[in-house]
Amino acid sequence: MTDEPRTPGRRRELESAAVVLALARPMVDDGACLTADQLRWIARRLVESLAVVLGIAAGQCDPTPEPGGGDGRHAPTRSITRP
């Protein structure tokens with residue numbers, strides 16, 4: 001596995017996500033005065049970019065074998081904890 005995206009399209013998607021992040025950073029500064037429309041716009045772009053990046057990351061990961069042989073019968077119970 002490499003750190004490079006597998007296709008030119010994925011590379012463009014990552015570059016686009018980097019641009020969105022660069023635009024969003026000054027928008028979350030304490031002194032930033034933004035309208036509700038501006039906040040919704042950047043939130044939408046960030047959500048879209050996060051979805052793309054998560055898809056890329058998932059595509060680069062090897063499937064994790066299930067504990068207990070893969071059928072789930074002997075797998076430990078997972079719990080959700082809050083920070």
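Everything numeric in this text was worked out from a predicted model, so none of it was measured.
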Can you list, by chain and residue number, the hydrophobic cluster partners of W41 when the side-chain cut-off is 4.5 Å?
V19, V20, L23, M27, L34, L39, I42, L46
Checking one residue: V47. Which other hydrophobic residues are in its cluster under the side-chain 4.5 Å linking rule?
none
Side chain to side chain donor-acceptor pair (under 3.5 Å) against R40, all qualifying residues, sequence neighbours excluded
D37
Where at least one partner belongs to residues 46-59, residue pairs that pass salt bridge (Lys or Arg N to Asp or Glu O under 4.0 Å), sequence neighbours excluded
R45-E48
Determine which pairs satisfy side chain to side chain donor-acceptor pair (under 3.5 Å) with at least one residue from residues 13-31, sequence neighbours left out, and list them in order.
R10-E13
For a quick test of reading the model, state the closest non-hydrogen atom pair linking A32 to P26 and the distance between them.
CB-O, 3.6 Å
